[in-house]
Amino acid sequence: MNTQNIFQELKWRQVIYDSTPNCESLLKLKNISCYNGFDPTAPSLHIGNLIAIVGLIRFQKFGHSPIALIGGTTGMIGDPSGKNEERNLLSKSDIDHNVEAIQLQLMNILDTKSKNNPVKIINNKDWLENIQLVDFLRDVGKFFSVNSMLAKDSVKGRIDRESGISFTEFTYQLLQAYDYLKLFEKYNCQLQTGGSDQWGNIITGINLISKVLGNKEKLNQPHGIVYPLLTDSSGEKFGKSTGGNITINPAETSPYKFYQFFFNVSDIDVIKYLKIFTNKNYKEIKILEKSTLNEPQKRIAQKELAANLTTLIHGPGGLEKAEGITRALFQGNLINLDSKEILDVLEDSNITEISKNELEGEGVKYSELVVKSKMAKSLSEVRRLVSQGGLFLNDTKIENADKLVTISDLIKGSIILLRRGKKNYTILRIIR
RNA sequence: GCAGGGAUUGGGGAGUGGUUAAACCCAGCAGUCUGUAAAACUGCCGCCCUCGGCUUCACAGGUUCGAAUCCUGUUCCCUGCACCA
């Protein structure tokens, strides 16, 4: 399959949930500028944002000029889309902090240096921050009919509920529409992308542009494309993993964990994700599809997916680490490595430090070490796990939670390996 | 402001004086099977020194041999009505 234009490309990858009429003909005919917004509601982007990020990269690849818009100011208000409760406002300083962090992340992932069409990273604070209320109401508010604002799903759903919607959030759609207008004016931005919950906001923006600037000729009209909301085969929202969201911040979600998340994607989902997130072409994906069908236990498709995305987010170095840890944990005899190698390989996993004299003499109860390392919340939990055969010390199953751990249990004199279940490891490192 | 209803273990939601650490569902965790998959099945799912003990049912007091369950006060939430606009 040969994709001529970005629209075709997105289509066969099945990431177009909806798009405005004639969007394709526009994208076929010329290179445009397009944007996708990112909310600074958390200190890190997470893999729910991946589809949008990869989207920007694809547009760039096809010669378009993408803009990543950080909602520094809209984040102060809160988008009611997709929420059924009023949100708590984040403090200004939190938002500032988030904006900075997200900006940095985007800069690392996206190509902002390309000569022809670098990705621009912009903050809507630039035009929203100092806006005058009365001016805004006169210049922008006049174009909005409350009637149609009320009809928006995001608003209607909330009005029907008892909790209602605050004026603040109700106003949100004006701001996002205004963003599109500004970007349209400043950068001739003709396409907004987003999750499917953004459809209403995008259309509102398009309408505002046409009202403010009048009808332009076809080639200059604004458009929108929305991506599907991703769910896995069991209907769960994509990206929710046991133990919290998978973020792209290595301090929160280590490259190893990130890699493992994709490594563990089920056979049913993996091909879909490869299409959505990677650059693999039709042929390559066909091959992987066959492999998943015929020799699923090899997990070739999962490995490709994990490797691809880990590299995108954490770079080749991150991938190397992730693969190293994976090898050590799942194929190797970890305890045969020397402690230095183990630490090296497990650099990113959980490490708890304990002092050597705790182990001297009689030693410490295993159960206490487990709690200390946060592998279990309480001693009760440790006992429970032990009775179910789910806890290990240096890869040996523990039968008695109160077993004493002493210096003789140290691997090569310096570390202890704790394991819970099949996949969770923690290292205890001895400090003086 | 008036009247009524409600706050239970992560979420949902039983429970109206004792046999209730509290039904049931979801989520979660571990195990078996396997392929670090899916499904299925088993066990667990307040804390502890676990055939036992301790602390929990918004908060603070009280009644009682005994309370999540009854009374009083407080806080918060909801639903009507009114007031304001």
Side-chain angles (χ1 to χ4, degrees), chain A residues 83-86 88 158-167 231-246 254-274 288-307 309-310 322-334 345-346 349-350 362 364-368 370-393 395-404 418-426:
Chain A
K83 299 271 181 273
N84 41 31
E85 295 279 309
E86 182 84 12
N88 290 322
R158 288 276 294 277
I159 287 181
D160 292 343
R161 300 183 143 249
E162 287 159 0
S163 43
I165 182 169
S166 66
F167 180 71
T231 53
D232 64 25
S233 51
S234 49
E236 286 293 316
K237 200 167 156 199
F238 172 75
K240 289 214 99 177
S241 103
T242 61
N245 280 334
I246 305 293
S254 68
Y256 164 70
K257 265 197 201 144
F258 184 91
Y259 179 89
Q260 283 287 321
F261 175 82
F262 289 102
F263 189 103
N264 275 305
V265 162
S266 74
D267 297 350
I268 307 170
D269 293 319
V270 69
I271 297 302
K272 180 172 98 184
Y273 291 163
L274 277 166
L288 290 168
E289 199 169 1
K290 257 187 207 138
S291 158
T292 301
L293 199 68
N294 298 327
E295 38 180 19
Q297 69 285 3
K298 287 193 180 166
R299 291 172 170 268
I300 294 175
Q302 278 92 337
K303 280 180 196 162
E304 282 292 333
L305 178 69
L309 289 177
T310 308
E323 286 180 332
I325 298 175
T326 296
R327 267 196 304 275
L329 254 34
F330 291 99
Q331 304 169 13
N333 301 329
L334 202 49
V345 112
L346 296 188
S349 55
N350 307 317
E362 284 214 323
V364 206
K365 282 183 184 167
Y366 177 76
S367 51
E368 281 172 27
V370 175
V371 173
K372 197 166 190 175
S373 68
K374 305 223 172 67
M375 281 224 119
K377 286 200 299 285
S378 66
L379 296 181
S380 298
E381 192 174 4
V382 177
R383 279 188 210 101
R384 216 177 289 139
L385 285 165
V386 167
S387 71
Q388 298 181 132
L391 279 175
F392 301 80
L393 169 69
D395 269 351
T396 314
K397 189 185 277 182
I398 291 296
E399 310 284 350
N400 169 18
D402 292 331
K403 172 193 162 63
L404 290 168
L418 300 179
R419 186 176 125 207
R420 166 191 171 149
K422 261 180 227 158
K423 308 180 195 173
N424 310 300
Y425 287 85
T426 284

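Lettering of chains follows the sequences in order, A, B, ..., and the numbering in each one begins at 1.
Side chain K303(A) to base U36(B): no donor-acceptor pair is found below 3.5 Å. On a pure distance criterion of 3.5 Å, a polar donor-acceptor pair joins the side chain of Q260(A) and the base of U36(B).
Nearest to the side-chain atoms of T326(A) among the listed nucleotides U36(B), C47(B), A38(B) stands U36(B). Out of U36(B), C49(B), C29(B), the shortest distance to the side chain of F330(A) is found at U36(B). Checking C29(B), A38(B), C47(B) against every side-chain atom of R420(A), the shortest atom distance belongs to C29(B). Residue K422(A) has its side chain nearest to U34(B) when only U50(B), U34(B), U36(B) are considered. The Q388(A) side chain lies nearest to G43(B) when the options are A38(B), G43(B), C48(B).
Among the atoms of the strands shown, base atoms are found under 4.0 Å from some heavy atom of R383(A). When heavy atoms are screened at a 4.0 angstrom cut-off, R299(A) is found touching base atoms of the nucleic acid.
Expressed to the nearest 0.5 Å, how far CD of E295(A) lies from CD1 of I300(A) amounts to 4.5 Å. Between atom CG of residue D402(A) and atom OH of residue Y366(A) there is a gap of 12.0 Å, rounded to the nearest 0.5 Å. One distance of note links CD of Q297(A) with OG of S291(A); it measures 8.5 Å at 0.5 Å rounding. Expressed to the nearest 0.5 Å, how far CG of L385(A) lies from CZ of R420(A) amounts to 5.0 Å. The CG atom of L391(A) sits 11.0 Å away from the CD atom of E399(A) when rounded to the nearest 0.5 Å.
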Hey, what are the protein-to-nucleotides 51-53 of chain B N/O distances that come in under 3.5 Å?
none

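Look at the C1' atom in both A85(B) and G5(B): the space between them is 28 Å, to the nearest Å. Comparing U8(B) with A22(B), their C1' atoms sit 9 Å apart, to the nearest whole Å. Taking atom C1' in both U55(B) and U9(B), the straight-line distance is 12 Å, to the nearest Å. A distance of about 16 Å separates the P atoms of A30(B) and U36(B), rounded to the whole Å. Atom P of C29(B) sits at a distance of 12 Å from the matching atom of A38(B), rounded to the whole Å. Taking the C1' atom of each, G46(B) and C57(B) are spaced 12 Å apart, rounded to whole Å. Separation of the C1' atoms belonging to C47(B) and A21(B) is 10 Å when rounded to the nearest angstrom. For the P atoms, the distance linking G53(B) with C2(B) amounts to 49 Å, nearest Å.
Summarising the base pairing, A67(B) is matched to no nucleotide, lacking a Watson-Crick or G-U wobble pair whose two defining distances lie under 3.5 Å. Nucleotide G1(B) has C81(B) as its partner under the Watson-Crick or G-U criteria, with both atom distances under 3.5 Å.
One can place CZ of F392(A) at 6 Å from P of G31(B), the figure rounded to the nearest angstrom. Straight-line distance from the CD atom of Q297(A) to the P atom of A38(B): 15 Å, rounded to whole Å. The CE atom of M375(A) sits 9 Å away from the P atom of A30(B) (whole-angstrom rounding).
Sequence order on RNA chain B of the closest nucleotides to K298(A) and S378(A) puts K298(A) first from the 5' end. A residue-by-residue look at V265(A) and K365(A) shows that V265(A) has its nearest nucleotide of RNA chain B further toward the 5' end.
Partner of Y259(A) under the side-chain contact (heavy atoms from CB on, under 4.5 Å) criterion, chosen from I325(A), T326(A), L305(A), L309(A): T326(A).
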